[in-house]
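Right, one structure below, let's go through it.
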2 protein chains.
Amino acid sequence: MNITLRQLRYFLALAEQGHFTRAAEVIHVTQPALSMQIRALEEAVGTRLVERTAAGVVLTPQGRALENHARQVMASMAGLEQGLRRPGQGGRLMLGMIPTVAPYLLPSALPILRASDIGRDLHLREAQTDRLLDELSAGRLDVAVIASPPDRHDIVAQPLFTDQFLLAGSEARIDQLRGRALEPHDLDPGNLLLLDEGHCLGDQALEVCGLNRRSSRLDLGAASLSTLCRLAAQGMGLTFLPEIALRQETAAAPGLTAIRFPDPQPARDVLLVRRSSTESDGWFKELVDVLRQTGRELVKNRPS
Amino acid sequence: MNITLRQLRYFLALAEQGHFTRAAEVIHVTQPALSMQIRALEEAVGTRLVERTAAGVVLTPQGRALENHARQVMASMAGLEQGLRRPGQGGRLMLGMIPTVAPYLLPSALPILRASDIGRDLHLREAQTDRLLDELSAGRLDVAVIASPPDRHDIVAQPLFTDQFLLAGSEARIDQLRGRALEPHDLDPGNLLLLDEGHCLGDQALEVCGLNRRSSRLDLGAASLSTLCRLAAQGMGLTFLPEIALRQETAAAPGLTAIRFPDPQPARDVLLVRRSSTESDGWFKELVDVLRQTGRELVKNRPS
DNA sequence: CTCAATCATCAGTTAAGCTTATGAATATCA
DNA sequence: TGATATTCATAAGCTTAACTGATGATTGAG
């Protein structure tokens with residue numbers, strides 16, 4: 001039994017018109033074509049659906065039952081077509097972002113995205129780089145913002161902006177460092193507050209200091225950059241603060257002070273990545289533009 | 001843009017398998033056939049639905065959107081097929097009945113019908129003969145119980161049982177008549193209580209008395225037989241009481257007494273009618289049996 | 001650099017679907 | 001009651017859609 005949409009469409013026309021010839025006109029086929037489809041449908045369901053009279057047709061009880069179901073089917077088909085017809089590309093865009101970027105970039109970016117067509121049905125996922133890349137490869141994400149070059153060949157990256165690392169801590173601690181030649185390599189590993197393993201920010205911080213996780217004795221494994229900043233603000237140590245987070249974190253954690261490294265400043269490149277097989281109707285480019293612009297807004301004002 | 005069920009079915013298989021070749025196996029076609037349908041679907045909706053990679057496929061945002069809709073469509077199709085597959089003939093049976101039969105026949109018949117397959121989805125409509133026949137012809141009813149032979153050629157009747165007319169009134173009035181030779185023609189038209197015009201019972205009563213509505217001066221136009229019996233019980237006149245109603249009405253209206261006419265007793269034939277084009281898988285015969293049996297139960301015990 | 005996957009494309013065949021023409025049954029009208 | 005005009009069903013021929021089997025292009029892995 002294989003019921004086709006065509007059969008249902010024809011059947012509904014017949015049910016409405018109560019008349020083969022008229023129904024055939026409505027759906028723009030000849031009457032025999034309609035007859036054949038109805039017969040095929042009746043054969044498929046195994047029962048008579050209409051009673052043929054000399055004056056036209058009348059639905060059988062089974063026919064009425066089918067009519068209701070058929071209407072549901074057609075309604076869901078209509079929903080489908082409408083879902084595709086809406087302006088823009090029509091689908092839900094799955095966007096991933098690493099936790100050391102998301103809370104700072106999104107507040108500025110979201111309003112702009114919402115205003116544009118991209119944000120019409122945007123879903124966000126915050127996770128660490130590896131996870132994001134996995135989901136991207138698997139197709140559960142369409143694009144992701146990360147801060148380390150992807151090592152996979154099926155994924156391509158578009159640079160958004162460069163995010164410089166500042167050194168942040170309590171005012172007292174920072175003051176101790178001021179005036180001296182500040183070099184990442186000279187920092188005391190024991191004073192360094194780091195994010196949990198898996199966060200690229202922690203790894204990158206260690207890298208610019210020429211350290212690895214073993215050499216750092218105070219690995220707090222803090223869950224979020226925000227927490228880290230609050231710890232640093234209370235004098236518990238120093239942390240690398242990406243410039244993108246500067247404004248928000250200094251506002252949120254009183255006492256937190258940040259200084260800039262001398263050139264060449266350590267930095268991370270924030271990237272928008274997608275599968276190489278993805279072809280966008282321009283939304284990728286558009287998304288790059290929006291994120292790049294809002295990102296650069298966040299890093300362009302450079303206090304001290 | 002003409003999307004077919006086949007395309008949706010194939011697309012869902014592809015979405016689940018993430019792999020043309022595997023999906024093609026699942027749906028038992030060759031891989032090119034699947035490729036073609038997917039391409040046709042993409043063409044129909046105007047956008048790419050899957051990204052082709054070397055390792056398989058991944059849905060685009062639009063693809064995911066379509067997937068959800070497609071599932072809905074398939075779900076409603078499943079509902080349709082299931083609705084047809086249920087035991088019995090599967091449809092709602094529309095049964096009409098005239099008001100001078102329904103309240104007496106239904107209480108006994110309904111439990112039996114519900115137990116059988118017919119009553120699984122039975123809808124009732126109470127109306128006067130003409131209306132019932134109109135709706136039957138129009139296909140809004142499948143069968144109807146009436147008490148006068150249908151005058152239409154597209155409708156055929158199956159006799160259920162014969163329902164004899166008794167004469168009912170207050171005990172005093174009936175006592176006056178007892179002993180005398182009781183002839184319908186001898187009844188005083190002025191004493192006769194009749195149902196509203198359109199009820200066949202009223203017309204039939206007049207007919208057996210050799211009267212018409214003009215000659216009857218006390219046409220109350222009562223709405224229901226039940227009301228009529230209560231009026232008669234209070235001595236306001238005499239009425240024809242179909243035997244089918246006897247037990248219920250004498251129980252409900254204290255003081256109501258009925259006597260039987262001498263043979264040949266006036267009577268009405270209760271019929272089950274259907275369109276001549278209706279062909280039942282036996283449910284019509286079954287319905288006849290049930291109604292006939294319960295009807296005869298009601299008229300078989302004959303108190304004086 | 002070759003091999004083994006992937007999906008796409010092409011040519012030929014089969015099946016489904018439509019149209020035109022015709023047939024059987026039934027109601028309408030004279 | 002017979003002629004006519006409805007109704008829907010059926011049949012033959014054609015057109016288009018759909019599938020198969022073979023081959024090609026691309027890409028990742030050894």
Side-chain angles (χ1 to χ4, degrees), chain A residues 1-11 13-15 17-44 48-60 63 137 139 150-156 275-279, chain B residues 1-11 13-15 17-44 48-60 63 137-139 151-156 275-279:
Chain A
M1 137 151 157
N2 194 13
I3 297 172
T4 68
L5 279 183
R6 168 183 278 129
Q7 287 167 358
L8 296 183
R9 205 166 50 238
Y10 286 16
F11 174 74
L14 179 60
Q17 299 297 324
H19 206 275
F20 272 83
T21 315
R22 272 202 300 279
E25 276 172 24
V26 168
I27 56 185
H28 302 108
V29 293
T30 55
Q31 168 263 316
L34 175 61
S35 282
M36 291 194 273
Q37 291 297 330
I38 298 300
R39 187 157 53 86
L41 181 59
E42 288 181 327
E43 225 160 82
R48 210 123 262 257
L49 296 171
V50 295
E51 295 172 11
R52 279 80 164 168
T53 76
V57 295
V58 146
L59 294 192
T60 62
S137 282
D151 55 350
R152 315 184 186 204
H153 34 265
D154 62 330
I155 288 180
V156 294
R275 286 181 299 279
S276 49
S277 59
T278 301
E279 49 155 358
Chain B
M1 141 150 155
N2 194 12
I3 297 172
T4 68
L5 279 183
R6 167 184 277 126
Q7 286 167 358
L8 296 184
R9 206 167 48 239
Y10 286 15
F11 175 72
L14 179 60
Q17 300 297 324
H19 207 273
F20 271 82
T21 315
R22 272 203 301 278
E25 276 173 26
V26 168
I27 56 184
H28 301 108
V29 293
T30 55
Q31 169 261 317
L34 175 60
S35 282
M36 290 177 177
Q37 291 298 328
I38 298 300
R39 187 156 53 87
L41 181 59
E42 287 181 327
E43 226 160 80
R48 209 124 262 258
L49 296 171
V50 296
E51 294 173 11
R52 279 80 162 167
T53 75
V57 295
V58 146
L59 294 193
T60 62
S137 283
D151 57 350
R152 316 185 183 202
H153 32 266
D154 61 332
I155 288 180
V156 294
R275 285 181 299 280
S276 49
S277 59
T278 301
E279 51 156 357

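Labels below follow one simple rule: chain letters A, B, ... track the order of the sequence lines, proteins then strands, and each chain is numbered from 1. Since this is a predicted model, take the numbers as computed values, not measurements.
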Which one of B:Gln7, B:Arg6, B:Met36 satisfies the side-chain contact (heavy atoms from CB on, under 4.5 Å) criterion with B:Leu41?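 Output: one option passes, namely B:Gln7.
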Under 3.5 Å: donor-acceptor pair, side chain of A:Gln31, backbone of A:Thr21: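 Not a single qualifying donor-acceptor pair exists.
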Would you tell me if any nitrogen or oxygen in the side chain of [X] comes within less than 4.0 Å of OP1 or OP2 on [N]?
{"X": "A:Thr21", "N": "D:dC8", "result": "yes"}
{"X": "A:Arg52", "N": "D:dT7", "result": "no"}
{"X": "A:Arg152", "N": "D:dG28", "result": "no"}

So which of residues 32-41 of chain A are in contact with DNA chain D, with a heavy-atom cut-off of under 4.0 Å?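 Nucleic-acid contacts, sorted: A:Pro32, A:Ser35, A:Arg39.
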Applying side chain to side chain contact (heavy atoms under 4.5 Å, CB included) to A:Ile27 and A:Leu34, what does each step give before you reach the verdict? CA-CA 9 Å; A:Ile27 56 185; A:Leu34 175 61; 3.9 Å; yes
Length of the line joining [X]:[atom1] and [N]:[atom2], which is rounded to integer Å:
{"X": "B:Asn2", "N": "C:dG17", "atom1": "CG", "atom2": "C1'", "answer": "13 Å"}
{"X": "B:Leu5", "N": "D:dA17", "atom1": "CG", "atom2": "P", "answer": "18 Å"}
{"X": "B:Gln17", "N": "C:dT6", "atom1": "CD", "atom2": "P", "answer": "12 Å"}
{"X": "A:Arg6", "N": "C:dA15", "atom1": "CZ", "atom2": "P", "answer": "18 Å"}
{"X": "A:His28", "N": "C:dC18", "atom1": "NE2", "atom2": "P", "answer": "14 Å"}

Are B:Tyr10 and B:Leu5 close enough that some pair of their side-chain heavy atoms sits under 4.5 Å apart?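 No, their side chains stay 4.5 Å or more apart.
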Is there side-chain contact between A:Arg22 and A:Leu14, with heavy atoms separated by less than 4.5 Å?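 They are not in contact (no side-chain heavy atoms under 4.5 Å apart), so the answer is no.
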Give, for atom CZ of A:Phe11 and atom CG of A:Leu59, the distance between the pair rounded to the nearest 0.5 Å.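 Rounded to the nearest 0.5 Å, the CZ-CG separation comes to 5.0 Å.
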